[in-house]
*Asks:* 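Please find one structure pasted underneath; my questions will follow.
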Amino acid sequence: MENIKINKLPAPTYRHLKMNFAEVAEADYSAIEPEIEVPEGISLEKTGGALDIETGCGEEITALLDKLGVYTLSAAKAVSEPARAEIKLKEGEAQAVRIELKAAAGAELTAVEFIESDENSSGRAAVQTVMRAAEGAKLHLIQIIRVGSGFELINDIGADEGDRAYIEITQLYLGGGRVYGGLTDKLGGYMSELRNDIGYLLKNEEKLDINILASHMGKKSNCEINARGVLSDRSSKIFRGTIDFINGASGSKGAENEEVLLMNEEVVNKTVPLILCAEEDVEGSHGASIGRLNEEFIFYMMSRGLSLERIYEIMANAKIETVMRRIDDKAALDRIYGYIGGGSEDDGE
């Protein structure tokens, strides 16, 4: 089978940097069945057919997945209890699942996706999630991702927003051999809003490749993109973050920020912050803080009896816990603490 291109940068940079896209081998993905728990007020049905929302990983992976059915979760009103989907990946298979989240006008829906496999397992998988927020609706997607050291995972998201809609996406990447994450959000509605918080812990030779496109089409639309993570051992990461102000999106604002803690000199970190602008009356900003802990801080912490290894562990978990503050679901928080260590919210009671 041939390779396909995913996570394409909307405005290519120098080819020799090898950051314009990622390549993965084409696969014949078979469907896997997630375990989905829906509270009262959320409907669940399985449908077929292609989806008409652009996603961050791109049209080539979507074409491979269009043959699969879609699990659609819909809310017609505000629902306080989250829906939860357990997506358990199997050893050695090329497998995929597609999930659609729909919030009607004025509705609120939170969905938690646990994407995981056995720790040392290998295989290939794709998870595609599309989100539709109608006028005044609120959608919150929480993803907790931890797959085996031999796994290749494509985590693909597409979103579409109506007037005054709000979409929040909170993602934690906590392990996996090669993980590709993509997001495209069409902020087409007046005063539509996106918030995306990403946390990651990479070790050994793990690879994380992220591509985000916030496409501002509606007037006074707003986006905020935050990525915080830690690279250790010989791990590597590429972060492509694009804010695109389309002509007509006057009064819109977009901001992206990344904080990266480098544990040693063998890690590889690449960041491509990009702002595209076809509209004059907009505000866009981006920033990145990348580096190691300074020696004075390390000396101070060691003078308090902490080992160097423990200092880095504390700082690494602090990056993740910053993202965890966006998660208001005990089941999700307990799962995260089970992965990274530390206590649950009930500790000490």
Side-chain angles (χ1 to χ4, degrees), residues 29-53 55 57 61-62 65-91 93-104 107-118 121 123-134 137-148 151 153-160 167-174 176 179 181-183 326-336 338-339:
Y29 291 99
S30 60
I32 57 174
E33 184 175 349
E35 299 176 12
I36 301 179
E37 173 189 343
V38 293
E40 184 177 352
I42 298 176
S43 64
L44 170 64
E45 63 176 338
K46 186 176 181 182
T47 60
L51 296 170
D52 59 353
I53 292 182
T55 63
C57 290
I61 185 64
T62 295
L65 301 180
D66 269 345
K67 65 179 182 179
L68 304 179
V70 180
Y71 295 87
T72 300
L73 287 73
S74 303
K77 61 180 182 179
V79 181
S80 57
E81 180 71 16
R84 299 182 182 93
E86 293 274 1
I87 302 171
K88 297 180 179 179
L89 306 179
K90 300 176 182 179
E91 171 83 23
E93 296 186 14
Q95 56 209 287
V97 63
R98 308 174 85 193
I99 295 176
E100 181 180 29
L101 307 176
K102 297 173 66 175
E108 297 182 19
L109 167 62
T110 297
V112 184
E113 294 179 349
F114 301 103
I115 305 170
E116 62 178 14
S117 72
D118 293 337
S121 60
R124 302 185 63 189
V127 177
Q128 189 172 69
T129 308
V130 296
M131 307 173 69
R132 303 178 193 269
K138 295 182 179 180
L139 270 177
H140 187 188
L141 171 63
I142 300 168
Q143 291 186 322
I144 300 165
I145 300 158
R146 186 174 186 265
V147 297
F151 250 96
L153 171 67
I154 297 173
N155 180 39
D156 192 20
I157 301 174
D160 186 77
I167 283 182
E168 181 169 359
I169 301 171
T170 307
Q171 299 168 292
L172 288 174
Y173 292 92
L174 303 176
V179 179
L183 164 64
R326 308 298 305 180
I327 300 175
D328 185 20
D329 179 60
K330 185 179 183 301
L333 292 173
D334 285 347
R335 185 76 62 94
I336 298 166
Y339 291 151

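Computed from heavy atoms alone, side chains included, the values below leave out hydrogens, waters and symmetry copies. If you read the sequence from its start, that first residue is 1, and numbering goes on from there. Please read all numbers here as calculations on a predicted model, not as lab measurements.
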*Asks:* Say you draw a straight line from CD1 of I154 to OH of Y29; how long is it, rounded to the nearest 0.5 Å?
*Replies:*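 Answer rounded to 0.5 Å: 4.0 Å.
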
*Asks:* Just one of T62, D156, T72, D66 clears the side-chain hydrogen bond (donor to acceptor under 3.5 Å, both in side chains) bar with R98, so which one?
*Replies:*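 So, applying the side-chain hydrogen bond (donor to acceptor under 3.5 Å, both in side chains) to R98 and each of T62, D156, T72, D66, only D66 qualifies.
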
*Asks:* With rounding to the nearest 0.5 angstrom, report the NZ to CD distance, K138 to E168.
*Replies:*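 Reported value, rounded in 0.5 Å steps: 10.0 Å.
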
*Asks:* Supply the atom-to-atom distance I157 CD1 to E113 CD, rounded to the nearest 0.5 angstrom.
*Replies:*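 With rounding to 0.5 Å, CD1 (I157) is 7.0 Å from CD (E113).
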
*Asks:* Considering only NZ, NE, NH1 and NH2 on the basic side and carboxylate oxygens on the acidic side, decide whether E37 and R84 come within less than 4.0 Å.
*Replies:*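 Between R84 and E37 there is a salt bridge, with a charged N closer than 4.0 Å to a carboxylate O.
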
*Asks:* Between the main-chain N or O of S121 and the side-chain N or O of D118, is there a donor-acceptor pair closer than 3.5 Å?
*Replies:*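 Between the backbone of S121 and the side chain of D118 there is no qualifying donor-acceptor contact (under 3.5 Å).
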
*Asks:* Identify the heavy atoms of H140 and R326 that sit nearest to each other, and give their distance.
*Replies:*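 In terms of heavy atoms, the two residues are closest at CE1-O, 3.2 Å.
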
*Asks:* Quick one: does T110's side chain have a donor or acceptor within less than 3.5 Å of a partner on S80's backbone?
*Replies:*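 Answer holds: no.
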
*Asks:* Can you find a pair of side-chain heavy atoms, one from V112 and one from R335, that are under 4.5 Å apart?
*Replies:*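 No; the side chains remain at least 4.5 Å from each other.
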
*Asks:* Less than 4.0 Å between a side-chain N and a carboxylate O, is that true for D52 and R132?
*Replies:*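 The answer is yes: the pair qualifies as a salt bridge.
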
*Asks:* Using 0.5 Å steps for rounding, measure from the CD1 atom of I32 to the CD1 atom of I87.
*Replies:*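 These two atoms lie 6.5 Å from each other.
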
*Asks:* Considering non-hydrogen atoms only, spot the tightest contact between A104 and A134 and give its length.
*Replies:*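 Heavy atoms only, the tightest pair is C-CB, 3.7 Å.
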
*Asks:* Can you check whether P39 reaches V79 side chain to side chain, under 4.5 Å on heavy atoms?
*Replies:*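 When only atoms from C-beta onward are counted, V79 and P39 do touch, with a gap below 4.5 Å.
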
*Asks:* Quick one: pull up CD1 in I115 and CG in N155 and give me the separation to the nearest 0.5 Å.
*Replies:*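 If we round to the nearest 0.5 Å, I115:CD1 and N155:CG are 4.5 Å apart.
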
*Asks:* Once rounded to the nearest 0.5 Å, what's the spacing between atom CZ of F114 and atom CD1 of I144?
*Replies:*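 Atom-to-atom, F114:CZ and I144:CD1 are 4.5 Å apart.
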
*Asks:* I53 and G158: which non-hydrogen atoms are nearest, and at how many Å?
*Replies:*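 Between these two residues, the closest heavy atoms are CG2-C, 3.6 Å.
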
*Asks:* Within a 6.0 Å radius of atom NZ on K77, are there more than 12 heavy atoms belonging to other residues, nucleotides or ligands?
*Replies:*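 Check fails, neighbour count at 12 or below.
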
*Asks:* Regarding E33 and K46, does a basic nitrogen lie under 4.0 Å from an acidic carboxylate oxygen?
*Replies:*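 Looking at K46 together with E33, the answer is no, because their closest N to O distance does not fall below 4.0 Å.
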
*Asks:* Spell out, as yes or no, whether a donor-acceptor pair under 3.5 Å connects the side chain of Q95 to the backbone of K90.
*Replies:*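 Answer holds: yes.
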
*Asks:* For residues L89 and L153, determine if any side-chain heavy atom of one lies less than 4.5 Å from a side-chain heavy atom of the other.
*Replies:*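 Contact flag for L89/L153 side chains = yes.
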
*Asks:* Are L172 and I327 close enough that some pair of their side-chain heavy atoms sits under 4.5 Å apart?
*Replies:*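 Yes, their side chains come closer than 4.5 Å.
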
*Asks:* Check L101 against L139 and note the closest heavy-atom contact, atom names and distance.
*Replies:*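 Minimum heavy-atom separation between L101 and L139: O-CD1, 3.9 Å.
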
*Asks:* Checking side chain to side chain contact (heavy atoms under 4.5 Å, CB included) for the pair Q143/T129: CA distance, chi angles, key distance, verdict?
*Replies:* CA-CA 10 Å; Q143 291 186 322; T129 308; 4.0 Å; yes

*Asks:* Between S117 and G148, what is the shortest heavy-atom contact and its length?
*Replies:*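 Result for this residue pair: OG-N, 2.8 Å.
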
*Asks:* Hey, mind stepping through V70 and V130 against side chain to side chain contact (heavy atoms under 4.5 Å, CB included) and telling me if it holds?
*Replies:* CA-CA 10 Å; V70 180; V130 296; 5.6 Å; no

*Asks:* Of all the heavy-atom pairs spanning R146 and Y339, show the shortest one and how long it is.
*Replies:*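 Nearest heavy atoms, R146 then Y339: CD-CD2, 3.1 Å.
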
